[in-house]
**Student:** 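Structure in structure tokens, see below.
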Amino acid sequence: MEEHEQVTARRNKLAELRRLGCRAYPNDFQPRDLAADVAAKHADSTAEVLEADASQVSIAGRLMAIRSFGKAAFAQLQDRSGRLQIYVTRADSGEDQFAVFRQLDLGDIVGVEGKLFRTRTGELTILVERLCYLAKALRPLPEKWHGLQDVELRYRQRSLDLLVNPEVRRVFERRALMLQSVRLFFTARGFLEVETPMMQAIAGGALARPFVTHHNALDIDLYLRIAPELYLKRLVVGGLDRVFELNRNFRNEGVSTQHNPEFTMLEFYQAYATYEDMMALTETLVAELATEVVGALRIPYGDHEIDLTPPWRRVSMKDAIAEQTGLARDAVDDPVRLRAFAEEQGIPVTVGMPHGKVAVEIFEKTTEATLIQPTFIVEYPVEVSPLARLSDDDPSLVDRFELFIAGRELANGFSELNDPTDQRQRFEAQLEARRGGDDEAHAMDEDYVRALEYGMPPTAGEGIGIDRLVMLLANAASIRDVILFPQMRPERP
RNA sequence: GGGCCGUUAGCUCAGGAGGUAGAGCAGCUGCCUUUUAAGCAGCGGGUCGAAGGUUCGAGUCCUUCACGGCCCA
């Protein structure tokens, strides 16, 4: 393959650097300072103060701009903290080092040491006395002004994206801060962080299609988990009354701005609590995270301003449907009339589909996207909630909620079903649904029922989609903007 | 899965109604010791996503495919 002219030019400069006595990839330069620290420390230092200060600073990073004159040059050096201008002159750095500098390109990594001064325009700058070439960028960087715009290239070559688009780094710094805050929040409340299997013989805990893999030595198929739920509740049976897990789930479904096949889920379980306690805990958690990460409770998201100030609205699914569609509440309660409405609206409902599931279908199609401000939808139908405790008031419902913000589901929580007999019957009902063609129905898990038979305390639990929460707090439109390496089709040669 | 849109130099983008492929940045050569997207002068760089088709002639029109984006399911 023919090498690009710009790559050839850079290879030639690398050869010239060797000729000048540089090692090609040295590793003996240790920067003592960071660009942003230096800038902060000397933000108010006048030219005279800097002149009188004999101390040296040393930073290392990537050359992101070079403005070169004959015997001197300004350049921008970028490290993990930010950028600082350097000034290299033949007089101050010496003939040999200046010759090295002249072989450097945008993107090259160097270390410099020298004294600070202020330029004519007042910019804090290092006058370079020692210059160490550290690594060559053999490929040219994207354009300095527009950065890398092509979203396909940005996702496929995240290194380059991070390098030239500083706002991308900020999103992932925000994400890291949020994860750290989540851990502090739960550990401060007595929750134990645990890790449960990602490879499971039965993919339980949610209604979704799993990825399948194979264990050679055991000669068994295993599933990548779609949820950690059933393992976390086994731990509650075992006396770990408060547990949380913050890690990846895998679902073998489509890719979109809202879905990546692997995504990060927070799940937590608290004994002697109810789903109402979980709603209150969620309000506190999200409000705290927003304050921590964004610094405000009213946050911008796309065209909206979201107000995360607790408490949030709570409304039953059927009331929400009635409110949105204009149907009378008794029509929503009536299986025949509700089904007729679905068919009239072109919402696909199958012949044997139970009333509760028809309601959920209608809710998802008509109402979900309208829930912009934080809203807990409560009173979920039992047919779509095989792991949730029955409502004491209405046996067709369970003590469950989902949280919607900006038209998207962010969390799902409920009082846990801890009656092993009921749990077995629910699994059997799911098997029936599966035989009826529902390939997302929950599988039977005998081992889990056996665990429940030892007695699980009354418990409530919840899952929160972390990527979506990061999207909200980082004002990102696509899940790919908050996942470092989103799933893409492989490039074809 | 369906609809719409995109794919042109390393990057960011133009390319009217089919008639020899353009700019800026980046690169190369030269000048330049206070620049800020530095400046000035000159030069090089293209399988126009791929494959077919229509046409005297296709970046441009048609078909299929690939990859991506947005919307819908």
Side-chain angles (χ1 to χ4, degrees), chain A residues 1-14 16 39 47 50-51 62-78 83-95 97-98 101-108 114-128 136-157 159-161 163-166 253-259 302 342 345-350 361-362 364-366 368-369 407 476-481 486-493:
Chain A
M1 196 210 295
E2 185 116 7
E3 192 171 79
H4 191 273
E5 52 159 348
Q6 299 204 36
V7 176
T8 307
R10 285 165 182 250
R11 280 196 195 282
N12 291 342
K13 289 186 189 175
L14 179 55
E16 180 63 15
L50 292 172
E51 180 74 30
R62 202 178 279 271
L63 285 171
M64 297 303 285
I66 300 173
R67 295 181 284 274
S68 173
F69 305 83
K71 302 182 186 68
F74 288 96
Q76 291 282 336
L77 205 57
Q78 171 175 293
R83 291 185 181 188
L84 195 64
Q85 181 167 264
I86 64 172
Y87 186 49
V88 187
T89 74
R90 192 157 69 171
D92 293 284
S93 62
E95 201 74 50
Q97 291 192 118
F98 198 69
F101 179 79
R102 290 211 300 200
Q103 299 307 314
L104 298 179
D105 289 299
L106 291 179
D108 287 358
K115 247 176 72 59
L116 288 169
F117 74 107
R118 285 201 185 273
T119 64
R120 190 176 285 168
T121 55
E123 182 163 348
L124 189 70
T125 303
I126 301 177
L127 179 63
V128 175
K136 194 78 188 155
L138 290 174
R139 292 172 182 267
L141 295 186
E143 211 230 9
K144 60 184 169 188
W145 193 245
H146 299 93
L148 188 65
Q149 297 294 322
D150 184 316
V151 288
E152 184 174 352
L153 286 181
R154 287 187 44 226
Y155 299 146
R156 288 194 195 278
Q157 300 189 48
S159 312
L160 199 53
D161 187 27
L163 205 60
V164 299
N165 296 329
E253 292 166 1
V255 173
S256 78
T257 51
Q258 312 302 320
H259 301 88
Q345 296 292 309
I347 294 165
V349 284
T350 56
E361 292 291 327
I362 292 174
E364 286 177 357
K365 298 291 181 296
T366 64
E368 205 174 292
S478 169
I479 197 169
R480 296 176 204 115
D481 293 327
Q487 192 61 52
M488 305 281 280
R489 273 182 208 275
E491 290 178 85
R492 301 216 325 173

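Just so it is clear: chains get the letters A, B, ... in the order the sequence lines come, proteins before strands, and each one is counted from 1. The structure displayed is predicted, hence computed values, not measured ones.
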**Student:** If I pick the C1' atom on G59(B) and the same atom on U20(B), what distance separates them, to the nearest angstrom?
**Tutor:** 13 Å

**Student:** Any idea if G16(B) is syn or anti, going by the 90°-from-0 cut?
**Tutor:** syn

**Student:** Can you identify which nucleotide, out of U12(B), A73(B), U35(B), has its nearest atom closest to the His146(A) side chain?
**Tutor:** U12(B)

**Student:** Please pick, from G27(B), C70(B), G44(B), the nucleotide with the shortest atom-to-atom distance to any side-chain atom of Arg480(A).
**Tutor:** C70(B)

**Student:** State, without any angle test, whether His146(A) and Glu143(A) hold a side-chain donor-acceptor pair at a distance under 3.5 Å.
**Tutor:** yes

**Student:** Across all strands shown, which nucleotide pairs with C65(B) by Watson-Crick or G-U wobble geometry, both distances under 3.5 Å?
**Tutor:** G49(B)

**Student:** Is the base of U35(B) touched by the side chain of Gln85(A) through a donor-acceptor pair closer than 3.5 angstrom?
**Tutor:** yes

**Student:** For the pair made of CZ in Arg90(A) and P in C31(B), what is the distance, rounded to whole Å?
**Tutor:** 11 Å

**Student:** Across all strands, who's sitting opposite G44(B) as a Watson-Crick or G-U wobble pair, both distances under 3.5 Å?
**Tutor:** none

**Student:** How far does the P atom of G22(B) sit from the matching atom of A9(B), given to the nearest Å?
**Tutor:** 14 Å

**Student:** Show your reasoning for whether side-chain contact (heavy atoms from CB on, under 4.5 Å) applies to Arg156(A) and Met488(A).
**Tutor:** CA-CA 8 Å; Arg156(A) 288 194 195 278; Met488(A) 305 281 280; 3.7 Å; yes

**Student:** Touch check for Arg118(A), heavy atoms < 4.0 angstrom, all strands: base, sugar-phosphate only, or nothing?
**Tutor:** nothing

**Student:** Please round to the nearest 0.5 Å and tell me the distance separating atom OG1 of Thr366(A) and atom CD of Glu361(A).
**Tutor:** 11.0 Å

**Student:** Please measure how far the P atom in A26(B) lies from the corresponding atom in U47(B), and state the result in whole Å.
**Tutor:** 23 Å

**Student:** Checking all strands, does Gly254(A) fall into the base, sugar-phosphate, or nothing category for heavy-atom contacts under 4.0 angstrom?
**Tutor:** nothing

**Student:** Return the nucleotide paired to G39(B): Watson-Crick means purine N1 to pyrimidine N3 with N6-O4 or O6-N4, wobble means G-U with N1-O2 and O6-N3, both under 3.5 Å.
**Tutor:** C31(B)

**Student:** Under a 3.5 Å cut-off for both contacts, is U20(B) paired Watson-Crick or G-U wobble with anything, and if yes, with which nucleotide?
**Tutor:** none

**Student:** Categorize Arg154(A) for me: base, sugar-phosphate, or nothing, with a 4.0 angstrom heavy-atom threshold over every strand shown.
**Tutor:** nothing

**Student:** Any chance you could measure Lys71(A), atom NZ, to Thr89(A), atom OG1, to the nearest 0.5 Å?
**Tutor:** 11.5 Å

**Student:** Of Lys144(A) and Ala75(A), whose closest RNA chain B nucleotide lies nearer the 5' terminus?
**Tutor:** Ala75(A)

**Student:** Which nucleotide sits closest to the side chain of Arg156(A): C11(B), C67(B), A26(B)?
**Tutor:** C67(B)

**Student:** More 5' along RNA chain B: Arg10(A) or Gly346(A), using each one's nearest nucleotide?
**Tutor:** Arg10(A)

**Student:** What interatomic distance, in whole Å, is found between P of A50(B) and the corresponding atom of A66(B)?
**Tutor:** 15 Å

**Student:** Of Glu5(A), Arg10(A), Arg11(A), which is the lone residue that meets side-chain contact (heavy atoms from CB on, under 4.5 Å) with Val7(A)?
**Tutor:** Arg11(A)

**Student:** Measuring from the side chain of Glu143(A) (C-beta onward, heavy atoms only), which nucleotide among U33(B), U12(B), A73(B) has the closest atom?
**Tutor:** U12(B)

**Student:** From the set G68(B), C70(B), U34(B), return the single nucleotide nearest to any side-chain atom of Arg489(A).
**Tutor:** G68(B)

**Student:** Confirm from the modelled atom types if Tyr87(A) and U33(B) form a donor-acceptor pair under 3.5 Å, side chain to base only.
**Tutor:** yes

**Student:** Is the Phe74(A) ring parallel, tilted or perpendicular to the Phe69(A) ring (thresholds 30°, 60°)?
**Tutor:** perpendicular

**Student:** If you check every side-chain atom of Ser478(A), which of A9(B), U33(B), C70(B) has the closest atom?
**Tutor:** C70(B)

**Student:** Classify Lys71(A) by what it touches in the nucleic acid, base, sugar-phosphate, or nothing, heavy-atom distance under 4.0 Å.
**Tutor:** base

**Student:** Ring stacking, Phe69(A) with base of U33(B), under 5.5 Å and under 30°?
**Tutor:** no

**Student:** At under 4.0 Å between heavy atoms, what does Ser68(A) touch on the DNA or RNA strands: base, sugar-phosphate, or nothing?
**Tutor:** base

**Student:** Pick base, sugar-phosphate or nothing for Ala73(A), based on heavy-atom distances below 4.0 Å to the nucleic acid.
**Tutor:** nothing

**Student:** Between the base of U35(B) and the side chain of Thr119(A), is one N or O donor paired with an acceptor at under 3.5 angstrom?
**Tutor:** yes

**Student:** Please indicate whether Glu51(A) has more than 12 foreign heavy atoms, meaning atoms of other residues, nucleotides or ligands, lying under 6.0 Å from its CD.
**Tutor:** no

**Student:** Scan every strand shown for a Watson-Crick or G-U wobble partner of C70(B), both distances under 3.5 Å, and answer none if you come up empty.
**Tutor:** G3(B)

**Student:** How many whole angstroms separate atom CG of Asn12(A) from atom P of U29(B)?
**Tutor:** 10 Å

**Student:** Check this for me: does the side-chain of Arg120(A) come within 3.5 Å of the base of U34(B) through a donor and an acceptor?
**Tutor:** no

**Student:** When the P atoms of A14(B) and A38(B) are compared, how many Å lie between them, rounded to an integer?
**Tutor:** 23 Å

**Student:** Describe the nucleic acid contact of Phe98(A) in one word from base, sugar-phosphate, nothing, applying a heavy-atom distance below 4.0 Å.
**Tutor:** nothing

**Student:** Give me the distance, rounded to whole Å, that separates C71(B) from G10(B) when you measure between the C1' atoms they each carry.
**Tutor:** 33 Å

**Student:** If you measure from the P atom in G57(B) to the same atom in A21(B), how many Å do you get, rounded?
**Tutor:** 16 Å

**Student:** Write down the distance between CZ (Arg102(A)) and C1' (C32(B)), rounded to a whole number of angstrom.
**Tutor:** 12 Å

**Student:** Can you find a side-chain donor-acceptor pair between Tyr155(A) and Asp150(A) that sits under 3.5 Å?
**Tutor:** no

**Student:** Touch check for Gln149(A), heavy atoms < 4.0 angstrom, all strands: base, sugar-phosphate only, or nothing?
**Tutor:** sugar-phosphate

**Student:** What is the distance from CZ of Arg83(A) to C1' of U36(B), rounded to the nearest Å?
**Tutor:** 12 Å

**Student:** Name the closest nucleotide to the Thr257(A) side chain, picking from A73(B), C71(B), G27(B).
**Tutor:** C71(B)

**Student:** Rounding to the closest angstrom, what is the interatomic distance between A51(B) and C70(B) at atom P?
**Tutor:** 28 Å

**Student:** Once you round it to whole Å, what is the distance between C1' of C11(B) and CG of Asp105(A)?
**Tutor:** 15 Å

**Student:** Does the side chain of Arg67(A) get closer than 4.0 angstrom to OP1 or OP2 of U35(B) through an N or O atom?
**Tutor:** no

**Student:** So does Lys136(A) get a backbone contact from the side chain of Asp108(A), meaning a donor-acceptor N/O pair under 3.5 Å?
**Tutor:** no

**Student:** Between Leu160(A) (CG) and A26(B) (C1'), how many Å, whole number?
**Tutor:** 13 Å

**Student:** Can you measure Ile66(A) atom CD1 to A38(B) atom P for me and round it to whole angstrom units?
**Tutor:** 10 Å

**Student:** Using whole Å, report how far NE2 of His259(A) lies from C1' of C72(B).
**Tutor:** 14 Å

**Student:** Of all the nucleotides listed (U35(B), G68(B), A9(B)), which has the minimum atom distance to the side chain of Glu123(A)?
**Tutor:** U35(B)

